[in-house]
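For the numbers below, each heavy atom of this structure counts, side chains included, while hydrogens, waters and symmetry mates do not.
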Amino acid sequence: MPITYEIDPDRRLIVTRCIGNTGLTEVLEHFEQLINDPNCPPVLNVLLDLTEMTAVPDSGQLHVAAAATARASRHVQFDHCAIVAASEPTRGLAMVWQMFAQQSFRAAETFRTPEEARAWLASAKV
């Protein structure tokens, strides 16, 4: 599956990984799965890892993905979102999605490494 996720309920953290040719269909399915996951706590910080993603969605697809994030946030409150994007094309799309989805998070930032993202999340006031 192009999107995997793991929830750490004690740390209120979801680590979501987009792998390979992740498309809009997979993104929408991911949010549907998350909404229906009985192990999903009511509040989550997000570590979104795009380092293995090869697809480059267009701005329309990013806008639809942001709308799906907003719909999901009615079921689970997203707090801080740390996006990991190492390549320049992926960083660019991450920043566009971050702008579209900003209302779904208290704060969101894009980082080059998972370690930077985890450190920011650990220091975030939740």
Side-chain angles (χ1 to χ4, degrees):
M1 176 166 198
I3 297 180
T4 64
Y5 73 92
E6 194 173 319
I7 296 174
D8 181 339
D10 295 331
R11 293 178 39 211
R12 296 183 349 187
L13 175 68
I14 181 171
V15 177
T16 303
R17 294 176 57 221
C18 296
I19 302 164
N21 192 23
T22 304
L24 185 57
T25 300
E26 290 84 13
V27 171
L28 298 176
E29 289 172 355
H30 162 69
F31 282 116
E32 189 64 31
Q33 185 179 12
L34 181 62
I35 288 168
N36 293 306
D37 188 332
N39 297 317
C40 184
V43 179
L44 282 173
N45 285 308
V46 178
L47 192 153
L48 177 58
D49 187 342
L50 306 178
T51 57
E52 296 179 72
M53 190 169 94
T54 58
V56 180
D58 62 37
S59 63
Q61 293 168 321
L62 293 173
H63 189 59
V64 172
T69 306
R71 281 191 303 280
S73 70
R74 289 180 263 187
H75 302 276
V76 56
Q77 178 185 339
F78 298 120
D79 205 359
H80 292 79
C81 179
I83 306 165
V84 182
S87 72
E88 287 309 311
T90 307
R91 285 181 61 75
L93 76 90
M95 289 179 187
V96 171
W97 177 82
Q98 180 181 329
M99 181 185 67
F100 288 156
Q102 67 184 350
Q103 294 177 1
S104 297
F105 301 98
R106 184 190 308 180
E109 294 289 335
T110 301
F111 301 92
R112 292 191 184 275
T113 69
E115 295 78 19
E116 292 172 323
R118 287 183 184 279
W120 181 74
L121 286 172
S123 69
K125 304 227 183 294
V126 294

task: Could you pull out all residues at least two apart from Gln98 that satisfy side-chain hydrogen bond (donor to acceptor under 3.5 Å, both in side chains)?
output: Thr110
message: Rounded at 0.5 Å granularity, tell me how far CZ in Arg106 sits from SG in Cys81.
response: 13.5 Å
Under 3.5 Å donor-acceptor pairs involving side-chain atoms of residues 46-56, not counting sequence neighbours:
residue: Asp49; atom: OD1; partner: Thr51; partner atom: N; Å: 2.9
residue: Asp49; atom: OD1; partner: Thr51; partner atom: OG1; Å: 2.6
residue: Glu52; atom: OE1; partner: Arg17; partner atom: NH2; Å: 3.4
residue: Glu52; atom: OE2; partner: Arg17; partner atom: NE; Å: 3.4
residue: Glu52; atom: OE2; partner: Arg17; partner atom: NH2; Å: 2.1
residue: Thr54; atom: OG1; partner: Gly20; partner atom: O; Å: 3.1
residue: Thr54; atom: OG1; partner: Asn21; partner atom: N; Å: 3.3

statement: Phe111 and Ala82 have their tightest heavy-atom pair at CE1-CB, 3.9 Å
Pair up each side-chain donor or acceptor in residues 58-69 with any protein partner under 3.5 Å, not counting sequence neighbours, and list the distances.
residue: Asp58; atom: OD1; partner: Gly60; partner atom: N; Å: 3.0
residue: Asp58; atom: OD1; partner: Gln61; partner atom: N; Å: 2.8
residue: Gln61; atom: OE1; partner: Asp58; partner atom: N; Å: 2.9
residue: Thr69; atom: OG1; partner: Ala65; partner atom: O; Å: 2.9

message: List the residues meeting salt bridge (charged side-chain N to carboxylate O under 4.0 Å, His left out) with Arg11, not counting sequence neighbours, and say none if there are none.
response: Asp8
- request: Would you please name every residue forming a side chain to side chain contact (heavy atoms under 4.5 Å, CB included) with Ala107, sequence neighbours left out?
  value: His80, Trp120
- request: Evaluate side chain to side chain contact (heavy atoms under 4.5 Å, CB included) for Glu26 paired with Ile19, printing each intermediate quantity in order.
  value: CA-CA 11 Å; Glu26 290 84 13; Ile19 302 164; over 6 Å; no
Sequence neighbours left out, cut at 3.5 Å: what donor-acceptor pairs do the side chains of residues 34-42 make with other protein atoms?
residue: Asn36; atom: ND2; partner: Glu32; partner atom: O; Å: 2.9
residue: Asn36; atom: ND2; partner: Glu32; partner atom: OE2; Å: 3.0
residue: Asp37; atom: OD1; partner: Asn39; partner atom: N; Å: 2.7
residue: Asp37; atom: OD2; partner: Tyr5; partner atom: OH; Å: 2.6

query: Which pair of heavy atoms, one from Val84 and one from Thr113, lies closest together, and at what distance?
result: CG1-C, 3.6 Å
statement: With sequence neighbours left out, the residues meeting ring pair (Phe, Tyr, Trp, His ring centres under 6.0 Å) with Phe31 are none
query: If Ile, Leu, Val, Met, Phe, Trp and Tyr residues are connected whenever their side-chain heavy atoms lie under 4.5 Å apart, and connections chain through other members, are Leu13 and Val43 in the same group?
result: no
With sequence neighbours excluded, residues passing side-chain hydrogen bond (donor to acceptor under 3.5 Å, both in side chains) with Thr22: none
- prompt: Looking at NE2 of His30 and SG of Cys18, how far apart are the two atoms once the value is rounded to the nearest 0.5 Å?
  reply: 7.5 Å
- prompt: Given the rule that I, L, V, M, F, W and Y join up when any side-chain heavy atoms are under 4.5 Å apart, are Phe100 and Leu24 in one cluster?
  reply: no
- line: For Thr90, the side-chain hydrogen bond (donor to acceptor under 3.5 Å, both in side chains) test, sequence neighbours excluded, returns Ser87
- request: Only pairs at least two apart or in different chains count here, so list each ring pair (Phe, Tyr, Trp, His ring centres under 6.0 Å) that has a residue in residues 39-58.
  value: none
query: Is Leu28 reachable from Ile14 through a run of hydrophobic residues whose side-chain heavy atoms are each under 4.5 Å from the next?
result: no
message: According to salt bridge (Lys or Arg N to Asp or Glu O under 4.0 Å), does anything in residues 82-92 pair up with another residue at least two apart or in another chain? List the pairs.
response: Glu88-Arg112
